[in-house]
Each structure stands twice: as structure tokens, then as C-alpha cells.
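All heavy atoms count here, side chains included; hydrogens, waters and symmetry mates do not. Counting convention: from 1, in listed order, for ligands and their atoms alike.
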Amino acid sequence: MLRQWYQKHEKALAISLASLLLSTFLMNLEFNFLESALYDARMRLGPQPETSSEIVLVALDDYSTSKLDEFSPLPLDQHVRFLELIEGYRPKAVGYLVDLARSAQSFPESLQSDWSSRLISSASRLEATGAPFLLGTRFDVNGEVVPPYPLSLLPHAIAMIHKDGNVFGEDKVTRRALVNLYGRNSFHLDLARKLGLSDQLKSLRGQFAEPGFDADYVFFRYFGNTQYYPNQPSKNAYPVYSFIDVLDGKVAAAELAGKIILVGTIARDDSNDFTYTPYSKKQGTNPKLIVHANVLNSIMQDRGLVEAPGWFHFLITTALISFVIWSVFTYTPLYGVINTVTLALGFLLVGQILFMARGLWIREAQPLIGIFLSYYLTVPYRLIQEYKQRWDYQRRNDILLQVEEMKTNFIRLVTHDLKTPVARIQGLAEMVLRKGGKRLEADENENLKHIVESTDELNHFISSILELTKVESNRVTLNLESKDVNQLVEKSVERLRLKAQEKQIEVELELEPLFPIRIDTSLIAKVLNNLIDNALKYSPDGSRVHIQTLDEGEFIRISVSDQGIGLSEEEQAHLFTRFYRAKNDLTTQISGTGLGLYLTKYFVEAHDGRVEVESSIGKGSKFTIWISSNLQPQPGLFTASDTLANNKRSDSL
Ligand code: ADP
């Protein structure tokens with residue numbers, strides 16, 4: 001039972017086992033370089049979700065500092081003027097991503113001045129109107145870099161941009177956002193919470209803890225393939241205004257009313273991301289401010305990316321590998337390639353769709369490597385197997401050919417040896433019949449006649465077999481001589497006249513005068529004998545046989561029609577096959593070898609001709625042959641391959 005089951009599913013089991021092994025092997029390796037490239041491709045390709053229309057950016061750009069006649073960092077008074085101005089615009093929130101610690105360091109006197117307290121009061125007034133103010137701070141080896149007192153009284157949280165450094169892609173691309181450090185919310189999460197992100201939500205979508213750190217991250221979204229155009233807001237990008245333009249009142253209050261304003265420096269940075277600037281169309285050197293906006297946008301809408309679980313990656317890799325192995329073994333090499341490539345592309349497409357539509361991140365490196373690795377491992381294996389198989393066929397074929405030859409030789413020897421004793425029996429019986437016929441009893445006479453008839457049949461059989469062995473071992477050669485085919489027909493009819501008389505069959509001849517043509521007389525005589533003999537054999541007593549010859553120019557046509565038992569369509573299809581005899585009651589009573597028509601076809605084709613049969617059951621049959629009237633002697637006429645091809649042709653008819 002178990003054995004049978006195993007044999008039936010052996011292939012499937014082998015494929016599954018190989019896939020599991022390869023997949024386990026791949027799962028234990030990391031392909032971060034490829035994985036991060038595939039991640040980036042997905043982030044950059046296709047439409048990404050729209051940017052939040054609430055977020056507006058105010059940039060502390062070079063233009064602002066030069067206009068103010070200042071250098072970065074700006075002194076505190078400019079920030080106070082700015083905040084006091086936008087207070088009146090009634091924004092929804094203000095995220096201040098300015099390094100006030102550096103500002104305080106550069107202008108220490110400002111801490112004692114009025115400016116710091118004015119800044120703090122402006123922030124509290126904003127808070128009081130329900131618009132949260134939050135200062136983003138740096139983080140260094142000593143922890144959060146909070147500006148000195150009294151600025152430290154401002155609400156603040158760490159606003160760190162994480163660059164992938166020593167884990168995942170080691171390429172400084174910003175893919176993940178810090179949401180929590182040492183149990184404290186990051187700037188973005190804090191601001192989002194203040195803006196109403198539900199407190200019920202314990203953790204964000206896709207949030208994960210970094211092992212070894214007391215920190216939580218989330219893979220965030222880049223919205224709308226963000227572009228950065230200073231001073232010119234564009235569709236599906238966060239509007240950006242210059243700090244100085246706002247300060248100079250060039251930006252209408254309506255542009256900022258009800259918005260979440262993120263204020264920050266537009267300094268070039270060495271981090272890479274998925275945003276684009278008009279300066280460098282390529283990835284990288286982008287304003288951090290836009291990255292902050294994307295992180296905030298992603299967290300506010302809780303649209304972090306969720307990574308599919310490990311077991312899912314294992315399953316999908318195993319399934320894809322199984323399919324590739326199965327397809328390589330099942331289809332032709334071309335389809336194997338097409339299937340493999342289609343599978344890989346299909347997988348990437350599904351990955352892209354799930355990424356964009358569902359925010360689901362399926363790791364693609366292992367499955368893709370699995371697909372191609374399994375293909376390259378399976379193809380040589382299949383080639384070896386096929387080569388072995390072909391070699392086996394070849395050997396078997398050689399052996400079969402040898403056996404065939406031995407068989408033919410054996411039959412030839414046996415039949416040849418039979419010929420002599422049969423001829424002797426026939427001769428003796430005929431002699432006794434002739435000489436002592438009158439002295440014998442009537443039934444003894446009859447028996448002697450039977451002996452002569454039987455030996456005749458036996459002789460015919462032996463001749464046919466010998467003829468067959470000649471044909472099969474390719475020993476037939478054409479001895480061409482000029483001959484009038486009509487003469488051969490008449491001779492055949494003469495030979496069979498006795499048989500016709502016995503059955504009272506009338507043989508009609510309709511012979512057109514013909515020029516002599518080059519033929520092998522003995523072979524064509526055999527053909528005619530066989531066709532006329534068959535017509536007589538398979539026809540009822542008292543019927544008619546009609547023989548016609550016609551000169552068609554290129555061919556001589558000879559047809560033999562009878563009013564005999566006829567042949568069904570199916571029988572006609574097999575007629576020219578070796579040893580074929582129609583299976584009806586009449587045929588079984590009539591002796592025959594089933595070789596006559598096979599040899600007929602062969603001999604006629606040797607004369608560049610063909611045979612056709614028309615017949616219907618119970619009405620009669622008409623056999624027609626065409627033989628070339630212009631046959632040239634060809635030394636290589638009967639090559640081995642010709643003979644094989646001929647045999648095949650007649651066997652398949
Ligand atoms: P044989 O006559 O020795 O059996 P042939 O190769 O000459 O072998 O013919 C093959 C078979 O075709 C015969 O057994 C017979 O069933 C059928 N056949 C041949 N000629 C005729 C015919 N004129 N009418 C009906 N059946 C025929």
C-alpha cells in the first residue's frame with residue numbers, strides 16, 4: 001500500500017523535498033543588498049498615496065538667511081517674530097524642527113534676554129488656542145540635546161532621521177522612522193498624538209522593536225513620490241514656503257490657517273531617500289524637512305508598512321521553487337524559460353500591488369533567488385537525464401535491429417530448406433496422378449489432387465515469405481527490361497484461367513495498345529498475379545472480373561475490378577500492412593498469407609508508382625496501380641533508408 005503510494009507520488013515528493021531544502025538554505029542567508037534595492041524600487045514605482053493636504057513646510061533656506069543678512073543658525077529674535085506672526089494665522093499645529101540648542105550656543109546672551117521668554121509665551125499661547133507647539137530636538141551620544149534653560153521649558157521630543165546603516169540596506173537610505181526611544185514618544189508620534197491620533201492605539205501599524213535597543217521603529221511611507229520645489233507648491237507635494245517670505249507677510253494667512261506647519265532647515269544632508277529635488281533628479285541629498293513631513297504624515301494616518309511574517313516567506317519561497325522544478329521537468333526547455341521568467345515577473349507584480357494597495361511588504365530577495373537558483377540547478381539535471389534516456393533508446397534500437405536481422409536470416413534459411421522437400425512431394429504426387437490415375441480409386445484420385453493443391457499453397461506461402469525476407473533485408477534490386485505490360489497481363493490471366501473456370505468467373509480484358517516500358521518483369525508479374533488471384537479468390541462463383549490497362553503518358557494504369565465481397569473503410573486502411581487479412585467469415589475460409597498486397601505496394605513503389613483501392617462491402621473492389629513509363633535505372637535505388645522508410649509508410653497505412 002505504502003509502497004504503491006510512494007511510487008505514484010515519487011516525483012512530487014522529490015520536488016517537495018528539494019524545494020524545502022533549498023528554501024531552508026536560502027532562509028538562513030541574508031540578501032540585504034538585493035532586498036533593500038527591491039524595497040526601494042517598490043517605493044519609487046507606481047502611484048503612492050496622496051500627501052496630506054494639512055501639512056505645510058516653512059523652510060529656513062539660504063534665501064532666507066541671506067535676505068535677513070544673517071548666517072545659520074538664526075538668532076532667537078527672528079524665531080520670536082516668526083512665531084508671533086503665525087500665531088495670528090491660527091494654524092492647526094506648529095512643529096519646530098530648528099536646533100535651538102545651537103542657536104543658544106551661538107547667541108548665549110539671548111537666553112537672558114526678553115526673546116526667550118517671548119518665545120515660550122508665544123508657544124503657550126498657541127497651545128492655549130488648541131494648536132500644539134512641539135520642538136524637535138537632536139539626539140547624540142549623551143542623549144537628547146535639549147536647549148538650555150529657559151528654552152528647555154518648551155515642549156520637546158527627539159526628531160531623529162534614521163539612516164539605514166549597519167542593518168538591512170547599508171546605504172544610508174531613510175526607510176524607517178523612530179517612534180519610541182527609552183519609553184518616550186518621538187517628535188512625530190508625539191505631535192500625531194497631540195493632533196488626535198487615538199490613545200487607544202497601543203502600537204502603530206508595522207511597529208517593531210529593534211533588538212538590543214530600547215527603541216521602536218516603523219517602516220514609513222513616502223507619499224505621492226514627493227517632490228521639493230522651493231516657493232512653488234506643486235500637486236501632490238507638500239507646499240513649501242521660505243521663512244523670509246512668511247516673515248515679510250508675502251504668504252497669505254489663508255495658506256497657513258488650519259495647517260500643520262513644520263518649520264525646519266533646508267540643509268543638504270548625506271542621507272538618501274525617495275524624494276526628488278529639481279537640483280538633483282536622482283535619489284539623495286534631499287531636505288530633511290520633507291522626510292520629517294513624510295514620517296509625520298505616515299504616523300498620523302497610521303500607514304506604516306507591515307512586513308509579512310517569516311513563515312509566509314518560507315512558504316512562498318518553497319512554493320515558487322517547487323513550481324520552477326516541476327515546470328522544468330514537465331515542459332520543453334523554451335517553455336521552461338518562459339514559465340520561470342513569467343513566474344518571477346508575476347511575483348514582482350503581486351508584490352508591488354500588495355505594497356501599494358495594502359501596505360504589505362513581502363520580502364522578495366529569497367523567493368527571486370530561489371526561482372533562478374532552482375532553475376539553474378534543475379536544467380543540467382534534466383539534460384543529464386535526457387541524455388541517459390537517449391542513450392538507452394539507442395542501445396535498445398541497436399539490439400532490436402540485430403534481433404530483426406537474426407530473425408530474417410533464420411526465416412530465410414528455414415523457408416529455403418523447406419522449398420526442396422515440398423517441390424519433391426509436389427513432383428511425386430503429380431507423377432503418380434498422371435501415370436497411375438486410371439488405376440486408382442476415385443477417392444484416392446481426389447486425395448492426390450488435394451496433396452497437389454496443398455503443396456501449391458505451401459509453395460506460394462514459402463515464396464511470399466522469401467520475398468518478404470528479401471524486401472526486409474534490402475536485397476531487392478530491379479532488373480529493368482523493356483516489356484509490353486499487356487503481355488504480362490495476358491500471361492497472368494492465362495495462368496489463372498483454370499481457377500477462373502472452376503468458379504465460372506468471366507475475366508474481361510480491356511487492354512489499350514501500349515508501348516513497351518522499362519520494368520522489372522518478374523516483380524510486375526508477381527503484382528499482377530496477386531491482384532488477379534485476389535479478385536478471383538474473394539469473388540463469388542459466376543461473377544465477373546474486369547481488367548483494364550491505360551496509357552496516361554507519364555504512367556501506365558492497370559486496374560483489376562471484381563464483384564466480390566468488398567472491403568470496409570477500416571479494412572482498406574490496413575490492407576497494405578504486413579500479414580493483414582480482413583476478418584470476415586469468407587476470408588477465414590480462403591487460404592492466404594496477408595503478404596500479397598504488402599509486396600504489391602512495395603514493388604509498385606519501386607517502379608515510382610502507387611496503388612489505390614476503391615471498394616464497398618458486398619459490391620466489389622477495384623485495385624488500381626500506376627507504374628512509371630519512364631523509369632531510369634538508379635544504382636542507389638534501394639538504399640537501406642529507402643527500405644526502412646517504405647516499410648514504415650506501408651505499416652502506417
Ligand atoms: P492474402 O490474399 O494472401 O490474404 P493479400 O495481401 O493479397 O493477402 O490481401 C490481404 C487481404 O486483403 C486479404 O486477406 C483480403 O481480406 C483482402 N483482399 C485483398 N484483395 C481483395 C479483393 N479483391 N476483394 C476483397 N478483399 C480483398
Quiz item: Considering distance alone, does some N or O of A582 sit under 3.5 Å from an N or O of ligand 1?
Solution: yes
Quiz item: If you measure from each heavy atom of G564 to ligand 1, is any distance below 4.0 Å?
Solution: no
Quiz item: Taking all atoms of both residues into account, what is the closest heavy-atom pair of E307 and R363, and its distance?
Solution: OE2-NE, 2.6 Å
Quiz item: Taking heavy atoms and a distance under 4.0 Å, where does S621 meet ligand 1: side chain, backbone, both or neither?
Solution: side chain
Quiz item: What do the steps show when you test R382 against E386 for salt bridge (Lys or Arg N to Asp or Glu O under 4.0 Å), and what is the final call?
Solution: CA-CA 6 Å; R382 178 180 162 165; E386 258 176 21; 2.7 Å; yes
Quiz item: To the nearest 0.1 Å, how far is atom 3 (O) of ligand 1 from its closest protein heavy atom, and which atom is that?
Solution: T593 N, 2.8 Å
Self-check item: Which segment of T600 sits under 4.0 Å of ligand 1 when only heavy atoms are counted
Solution: neither
Self-check item: Atom indices of ligand 1 within 4.0 angstrom of L595 heavy atoms, with elements
Solution: 6 (O), 8 (O)
Practice problem: Give the minimum heavy-atom separation between S621 and F623, together with the two atoms involved. | Solution: CB-CE1, 4.0 Å
Quiz item: Do you know the tightest heavy-atom contact between I15 and S322?
Solution: CG2-O, 3.7 Å
Quiz item: Taking the six-membered ring where the residue is Trp, are the ring centres of Y598 and Y580 under 6.0 Å apart?
Solution: no
Practice problem: Give a yes/no verdict on whether any heavy atom in K537 is under 4.0 Å from an atom of ligand 1. | Solution: yes
Quiz item: Looking only at protein heavy atoms, which one is nearest to atom 23 (N) of ligand 1, and how far off is it?
Solution: D562 OD2, 2.9 Å
Quiz prompt | Within 6.0 angstrom of K503 NZ, more than 12 heavy atoms from elsewhere | solution = yes
Quiz item: Of all the non-hydrogen atoms in the protein, which one sits nearest to atom 19 (C) of ligand 1, and at what distance?
Solution: N534 ND2, 3.5 Å
Quiz item: What atoms of ligand 1 come closer than 4.0 angstrom to any heavy atom of N530?
Solution: 7 (O)
Exercise. Indicate the atoms forming the closest heavy-atom contact of I325 with A18, along with that distance.
Key: CD1-CB, 4.1 Å
Exercise. Just go through I532, L597, V613 and tell me whose heavy atom is the nearest to atom 9 (O) of ligand 1.
Key: L597
Quiz prompt | H416, NE2: over 12 other non-hydrogen atoms inside 6.0 angstrom | solution = no
Practice problem: Return yes or no for this condition: an N or O of G566 is under 3.5 Å from an N or O of ligand 1. | Solution: no
Quiz item: At a 4.0 Å cut-off, with the gap strictly under it, does some heavy atom of F623 reach an atom of ligand 1?
Solution: yes
Quiz item: Does L575 reach ligand 1 with a nitrogen or oxygen that is under 3.5 Å from one of the ligand's nitrogen or oxygen atoms?
Solution: no
Quiz item: Considering Y598, F576, Y538, Y580, which one's heavy-atom position lies nearest to atom 15 (C) of ligand 1?
Solution: Y538
Quiz item: Is the centre of the W311 ring less than 6.0 Å from the centre of the F314 ring?
Solution: no
Practice problem: Could you see which bit of I590 sits under 4.0 Å from ligand 1, with heavy atoms only: side chain, backbone, both or neither? | Solution: neither
Self-check item: Whether over 12 other heavy atoms sit under 6.0 Å from E554 CD
Solution: no
Quiz prompt | Protein residue, atom and distance nearest to atom 4 (O) of ligand 1, heavy-atom basis | solution = R581 NE, 2.5 Å
Practice problem: Supply the atom-to-atom distance Q352 CD to L38 CG, rounded to the nearest 0.5 angstrom. | Solution: 10.5 Å
